[in-house]
Amino acid sequence: FFISFRFFTIPTTMENMDLESKSVNTNFALPVDSEHKATEFRIYSVSAPHMRSFHLSWISFFSCFVSTFAAPPLLPIIRDNLDLTSTDIGNAGIAAVSGAVFARIAMGTACDLFGPRLASSALILITAPAVFLTSITNSALSFLLVRFFMGFSLATFVSTQFWMSSMFSANVVGTANGIAGGWGNLGGGATQLIMPLVFSLIHKIGANQFTAWRIAFFIPALFQALTAYAVFFLGQDMPDGDYAKLHKSGEKHKDNMLDVLYHAVTNYRGWILALTYGYCFGVELTVDNIIAQYFFDRFNVNLHTAGMIAASFGLANLFSRPGGGMLSDIVAKRFGMRGRLWVLWIVQTIGGLLCVLLGKVESLSGSIAVMLVFSVFCQAACGLTFGVVPFVSRRSLGIISGMTGGGGNVGAVLTQVIFFRGSRYSTETGITYMGIMIICCTIPILFIYFPQWGGMFYGPSSKGLTEEDYYMKEWNLKEKENGFHQASMKFAGNSRSERGKKVESVPTPIDGTPNI
């Protein structure tokens, strides 16, 4: 999949996709399907609404990552200035990722009800003051609080994935989600380079080091605030317009929050993906918090070198998470949903084995080499996860995305509380145990089953259920009579590509009408 990353335009024609699910609309710069979702992904384009939404989503998410993880690369200085203990630092790291647990679920609900543009821009702008306030922290408690509130901004990941799933069709949605999420996550690596550099420049100008780190936080804070305005004024919720406009015109049904929530929490696939995502993205968040200090303390490298090593872990998102999303789409063309599940399990399990090895390696060069390979598999698993998420539910996509994203933060919190808080375990031992957790928590992927497509070990249901049967279960008879289910019907038609070429699947209804 590393080789395939050089192809920035994904082909639109899928041999096993019904022609009726396609349409051509000259109002869009990209070819689209029946939902007006783009069937091509042109990374160099900024055309509205599809590619503009893509670039706005990843840049804004990138800014939130830069802000949330701006503190770790400067911790040796901040630690001395605020007299922080190892427990204080561990608690602050946990706070930074725990704030987004419920925020991500709330963000999913907000996206379902109000649209990703408004939900995302509002959260980014609301959390920006916490970044500014970091410059006046004077105690362990105040440091913990600003990191906690900054962490809320990571919930923009959910709006990013929701936005991409609303703009791109089934054949490229894994790619769009992978690149948008991966490039956003790049902020976790970029900040490891940016903050020490900004700190050094301010320090050289004449500020003492305890003042320089405080001034440095104005850079990520300003960047984050600017991206909030960009998303609000330049973004668009759906290919056909913003939620408010579509609700007013009657083109989009204004859904009931309780119904949306019900269909999300009763779908067990969402819970399994939340668990497994906790041990790919959750591990990535954990490493972002601990890795610079780990190399600084264990191998006695200087602050700048530790920052560069830590940055290489996050910067792998440039290609690793996008590669995971692209791999998911490529495998799905041949093996459908079953292929997506298999490759997710394989890649994440290998990542767990590499994490175990990372904790065992005792040399600096060996640790760096293993960390780099581990980062690729860990982040690719994140992209692969969100190659599956868009197909779990059409009606409750936002909450399913929020549950999965929230699972990532829960995994990060639990991992840091168990293995990296206080002095119970050395950091290298904690890393080894974290790898074992990855392997164990990836096993439930084996139990994900879609009746219309199958699972890892079993083919489609013998009852002959179709995509329409699966997605229409989220609507009652009265809602169908009012036509509220039409978007799900279109999505079901566009999702037939998940049958793959080599996997036996259910027949397509002649009239496209499900057997309810």
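Everything numeric in this text was worked out from a predicted model, so none of it was measured.
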If you take all heavy atoms of [X] and [Y], which pair is closest and at what distance?
X      : Y      : answer
Ser57  : Met164 : OG-CE, 3.5 Å
Leu397 : Val389 : CD1-O, 4.3 Å
His50  : His36  : NE2-O, 2.9 Å
Cys111 : Pro116 : SG-CA, 3.9 Å
Ser60  : Ile124 : CB-CD1, 3.6 Å
Ser169 : Thr39  : CB-CG2, 3.8 Å

Exercise for the section: Mark yes when over 12 heavy atoms from residues, nucleotides or ligands other than Tyr449 sit less than 6.0 Å from its OH; otherwise mark no. Expected result: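 Yes.
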Practice task
Can you establish whether the number of heavy atoms outside Trp271 located under 6.0 Å from its atom CH2 is more than 12?
Solution key: no
Side-chain touch [X]/[Y], heavy atoms, less than 4.5 angstrom:
X      : Y      : answer
Glu498 : Gln452 : no
Val287 : Phe374 : yes
Leu273 : Ile448 : yes
Ile126 : Phe152 : no
Val260 : Thr109 : no
Arg340 : Phe391 : yes
Val32  : Lys37  : no
Met167 : Pro49  : yes

Whether the side chain of [X] engages the backbone of [Y] through a donor-acceptor N/O pair (distance < 3.5 Å, no angle test) should be reported.
X      : Y      : answer
Asp242 : Asp237 : yes
Trp342 : Met456 : yes
Asn482 : Phe484 : no
Ser153 : Met150 : yes
Trp183 : Leu318 : yes
Ser328 : Gly325 : no
Thr134 : Ala130 : yes
Arg321 : Ala380 : no

Practice task
Identify whether the distance between the nearest side-chain nitrogen and carboxylate oxygen of Asp33 and Lys490 falls below 4.0 Å.
Solution key: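 So Asp33 does not pair with Lys490 through a salt bridge.
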Would you kindly say whether [X] and [Y] are connected by a side-chain donor-acceptor distance under 3.5 Å?
X      : Y      : value
Glu284 : Asn317 : yes
Ser488 : Trp475 : yes
Ser497 : Asn171 : no
Thr127 : Gln224 : yes
Ser34  : Asn494 : yes

How long is the gap from [atom1] on [X] to [atom2] on [Y], to the nearest 0.5 Å?
X      : Y      : atom1 : atom2 : value
Ser320 : Gln379 : OG    : CD    : 3.5 Å
Thr191 : Leu186 : OG1   : CG    : 12.0 Å
Glu481 : Asn476 : CD    : CG    : 9.0 Å
Ser45  : Phe54  : OG    : CZ    : 10.5 Å
Ser53  : Leu234 : OG    : CG    : 10.0 Å
Thr156 : Arg104 : OG1   : CZ    : 7.5 Å

State yes or no: are the ring centers of [X] and [Y] separated by less than 6.0 Å?
X      : Y      : value
Phe335 : Trp453 : no
Phe217 : Phe132 : no
Tyr471 : Phe491 : yes

Parallel, tilted or perpendicular: which fits the ring planes of [X] and [Y], with parallel below 30° and perpendicular above 60°?
X      : Y      : answer
Phe157 : Phe61  : tilted
Tyr229 : Phe233 : parallel
Phe223 : Phe62  : perpendicular

Problem - Residues Trp345, Leu446; criterion side-chain contact (heavy atoms from CB on, under 4.5 Å); working and verdict - result: CA-CA 8 Å; Trp345 178 77; Leu446 278 61; 3.5 Å; yes
Practice task
Would you check, one step at a time, whether the test side-chain contact (heavy atoms from CB on, under 4.5 Å) holds for Thr385 with Cys280?
Solution key: CA-CA 9 Å; Thr385 300; Cys280 55; 4.0 Å; yes
Handout entry: Steps toward side-chain hydrogen bond (donor to acceptor under 3.5 Å, both in side chains) verdict (Asp469, Thr466)
Key = CA-CA 5 Å; Asp469 290 315; Thr466 66; 3.1 Å; yes
Exercise for the section: Evaluate the criterion side-chain contact (heavy atoms from CB on, under 4.5 Å) for residue pair Cys441 and Gln348; output intermediate values, then yes/no. Expected result: CA-CA 10 Å; Cys441 291; Gln348 188 156 324; 5.9 Å; no
Exercise for the section: Assess whether salt bridge (charged side-chain N to carboxylate O under 4.0 Å, His left out) is satisfied between Asp259 and Arg395, documenting all intermediate values. Expected result: CA-CA 9 Å; Asp259 290 338; Arg395 186 174 187 179; 3.8 Å; yes
Fill in the blank from the handout: In Glu468, Glu467, Glu35, the residue satisfying salt bridge (charged side-chain N to carboxylate O under 4.0 Å, His left out) with Arg394 is Glu35
Practice task
Start with the C-alpha gap between Ser393 and Asn267, add the side-chain angles, then the distance that decides, and say whether side-chain hydrogen bond (donor to acceptor under 3.5 Å, both in side chains) holds.
Solution key: CA-CA 8 Å; Ser393 171; Asn267 193 320; 5.4 Å; no
Exercise for the section: Among Phe168, Phe281, Tyr277, find the residue that satisfies the ring pair (Phe, Tyr, Trp, His ring centres under 6.0 Å) test when tested with Phe386. Expected result: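 Running ring pair (Phe, Tyr, Trp, His ring centres under 6.0 Å) over Phe168, Phe281, Tyr277 with Phe386 returns exactly one hit, Tyr277.
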Exercise for the section: Please test Met472 against Lys480 for side-chain contact (heavy atoms from CB on, under 4.5 Å), starting from the C-alpha separation and ending with a verdict. Expected result: CA-CA 9 Å; Met472 289 308 102; Lys480 293 176 187 175; 4.1 Å; yes
